[in-house]
There are 2 protein chains.
Amino acid sequence: MNLVAQFAVDHKVPCEQCPLRDCAIFRPLSDGEVDLLSDFKIGEFTVEGGSTIFSEGVRSDQLFTVLEGWGFRYKTLPDGRRQIINFILPGDFIGLQATLDAEMEHSVETLTAASLCTFPRQKLTEVFARSPRLAFDVTWLAAREERVLDEHLLSLGRRTARERAAYYLAHLFVRAEEVGLAVEGRVRFPFTQQHLADALGLSLVHTNKILRRLTYDRLIEWEHGLFRSPDFGALAELGGYDMEDRQERPLL
Amino acid sequence: MNLVAQFAVDHKVPCEQCPLRDCAIFRPLSDGEVDLLSDFKIGEFTVEGGSTIFSEGVRSDQLFTVLEGWGFRYKTLPDGRRQIINFILPGDFIGLQATLDAEMEHSVETLTAASLCTFPRQKLTEVFARSPRLAFDVTWLAAREERVLDEHLLSLGRRTARERAAYYLAHLFVRAEEVGLAVEGRVRFPFTQQHLADALGLSLVHTNKILRRLTYDRLIEWEHGLFRSPDFGALAELGGYDMEDRQERPLL
DNA sequence: CGTTCTATTGAATAACGTCAAGGACGGTGG
DNA sequence: CCACCGTCCTTGACGTTATTCAATAGAACG
């Protein structure tokens with residue numbers, strides 16, 4: 001694990017040129033909003049896979065939007081047990097969970113090389129003052145994240161291991177697809193079965209057995225990091241994954 | 001279960017007289033903020049225990065602040081399995097999880113008679129426009145809720161049933177205490193073991209056995225609905241509950 | 001006092017975790 | 001090119017945890 005002590009600003013691409021904005025899923029911004037966001041933004045930087053972005057118990061003065069790469073957000077118990085709260089994909093806004101002056105209560109680590117857009121936490125109040133619309137977007141994102149956690153909580157509490165795995169894989173697949181990470185129905189999952197186990201709240205061994213069975217039942221394929229589902233409908237059905245219409249969402 | 005089809009406005013107490021504001025845990029508002037909030041508020045109403053406030057799959061035009069009473073927020077699977085996401089206590093702001101025009105993805109039901117402060121969802125954007133500070137408070141509450149869910153997720157995924165129960169009971173006790181519901185170290189828990197089981201992701205039988213053991217080990221007492229812990233430190237320790245300094249929080 | 005929730009307990013069963021041992025694969029250095 | 005390693009994946013055997021089934025006892029409520 002590689003601790004990023006200081007986030008150097010590599011360069012600064014104007015927000016209006018942000019490649020993510022081309023994804024249909026993201027709400028278009030007005031010129032004024034983009035200007036404000038550009039102003040809010042400090043810069044970008046790139047880290048390699050395995051870098052720690054946030055660390056439990058440490059304060060962070062920055063917020064990030066992920067431009068590229070995968071990561072995950074997690075908490076650990078003193079004896080080392082780890083729970084992955086969720087995976088982080090391009091377009092995700094991270095760091096909001098902590099208050100302005102409080103310590104992070106979770107850690108974030110990258111799975112692949114990643115590039116992040118940086119915002120100073122202190123200026124968030126200024127953004128709220130200058131653009132109610134962007135303020136609303138921030139709130140909207142927080143509420144959306146909460147809905148995702150609700151569903152995950154339902155999984156961990158009440159779904160069987162098999163249903164849980166099916167739900168989560170369907171969920172991850174769709175999230176990746178939304179931001180253009182799917183090629184011919186395939187997505188590269190840059191995490192190991194141990195990561196998935198830690199997200200599902202299962203042991204590594206049991207996770208493996210369930211994945212093998214889902215593979216045998218032709219619900220998933222996951223080899224050499226490349227994932228696809230031969231029958232996504234059945235996978236979603238098994239997991240109780242709701243293929244709701246993906247609504248437009250903000251991008252900060 | 002008693003479905004509340006329409007929320008009649010019983011009366012409207014000015015926000016500046018809100019009894020909850022006396023609790024030390026809540027951040028004081030400026031006069032201007034209170035005025036705006038009063039303006040935002042439609043009124044109050046009272047429901048009996050067992051009433052459904054929100055229903056999964058149904059749109060709601062209102063947001064609520066709980067003035068008095070207990071409730072819980074939950075999701076269910078088609079076959080009836082239920083997961084309680086969290087309990088709702090006085091001072092909690094509910095309904096934010098859904099977007100302006102989307103269906104609720106969870107239900108909320110009262111456990112006791114409750115009185116709720118009502119706000120029209122549509123006017124939320126106006127509040128954002130008129131008071132960045134209140135907007136920030138809304139966001140802050142959403143982020144805080146997320147942190148609570150993170151911790152609960154860690155519980156369900158990685159804590160043993162015993163640790164989980166200890167954590168959750170400690171958590172509930174402190175929450176109740178914060179809003180003045182504790183009398184001589186005792187809190188009335190208005191829910192059944194089935195509710196607790198559904199929150200912990202355990203079966204009723206197993207929950208009961210664990211509670212009996214916690215009682216035998218003199219970590220908790222819970223009789224006739226009245227809860228206390230003879231050794232809160234040990235309970236918190238077992239559950240890994242962090243007795244962080246309770247920071248001030250907004251009240252809407 | 002019946003009736004209806006709720007709590008409690010034991011026994012049988014299923015789900016999941018732990019332990020242990022290989023196997024596949026890619027990278028590295030000789 | 002090949003031996004050596006480290007990481008990740010896979011599988012079987014076995015132990016533990018939690019669920020389900022079933023039955024009874026207590027409380028709460030008219």
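For the numbers below, each heavy atom of this structure counts, side chains included, while hydrogens, waters and symmetry mates do not. Chain naming here is simple, since letters A, B, ... match the order of the sequence lines and numbering starts at 1 in each.
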Show every donor-acceptor pair shorter than 3.5 Å between a side-chain atom in residues 167-186 of chain A and any protein atom, with sequence neighbours excluded, or say none if there are none.
residue: A:Arg175; atom: NH1; partner: A:Phe87; partner atom: O; Å: 2.9
residue: A:Arg175; atom: NH2; partner: A:Phe87; partner atom: O; Å: 3.2
residue: A:Arg175; atom: NH2; partner: A:Asp92; partner atom: OD2; Å: 2.5
residue: A:Glu178; atom: OE1; partner: A:Arg249; partner atom: NH1; Å: 2.7
residue: A:Glu178; atom: OE2; partner: A:Arg246; partner atom: NE; Å: 3.2
residue: A:Glu178; atom: OE2; partner: A:Arg246; partner atom: NH1; Å: 3.1

Note: A:Glu221 and A:Pro230 closest approach over all heavy atoms is OE2-CG, 3.5 Å
How close or far is atom C1' of D:dC21 from atom CG of B:Leu204, stated in whole angstroms?
13 Å
So A:Phe54 and A:Phe64, would you call those rings parallel, tilted or perpendicular, with 30° and 60° as cut-offs?
tilted
Could you check how far NE2 of B:His206 sits from P of C:dA14, rounded to whole Å?
18 Å
Nearest whole angstrom, please: distance from the P of C:dC16 to the CG of B:Leu156.
14 Å
B:Val205 has a side chain; which of C:dC19, D:dA18, D:dC21 sits nearest to it?
D:dC21
Assert: residue with more 5' nearest nucleotide on DNA chain C, out of B:Lys209 and B:Thr192, is B:Thr192
Kindly say if B:Asn208 contacts the phosphate of C:dT8, meaning a side-chain N or O under 4.0 Å from OP1 or OP2.
yes
How long is the line joining CG of B:Leu226 and C1' of D:dA27, in whole Å?
15 Å
Spacing between A:Leu211 atom CG and C:dC16 atom P, to the nearest angstrom
13 Å
Identify whether the distance between the nearest side-chain nitrogen and carboxylate oxygen of B:Arg82 and B:Glu109 falls below 4.0 Å.
no
Determine the contact category for A:Leu202: base if any of its heavy atoms lies under 4.0 Å from a base atom, sugar-phosphate if only primed atoms, P, OP1 or OP2 are that close, otherwise nothing.
sugar-phosphate
D:dT10, OP1 or OP2 - any side-chain N/O from A:Gln193 closer than 4.0 Å?
yes
When rounded to whole Å, the NE2 to P distance for the pair B:His224 and C:dT8 reads 10 Å
Distance check needed: C:dA7 C1' versus B:Trp222 CH2, whole Å only.
10 Å
Would you call the rings of A:Tyr74 and A:Phe72 parallel, tilted or perpendicular if under 30° counts as parallel and over 60° as perpendicular?
tilted
Scan A:Gly201 against the nucleic acid and name what it touches under 4.0 Å (heavy atoms): base, sugar-phosphate only, or nothing.
sugar-phosphate
Send over the distance from B:Gln194 CD to D:dT19 C1', rounded to a whole Å.
13 Å
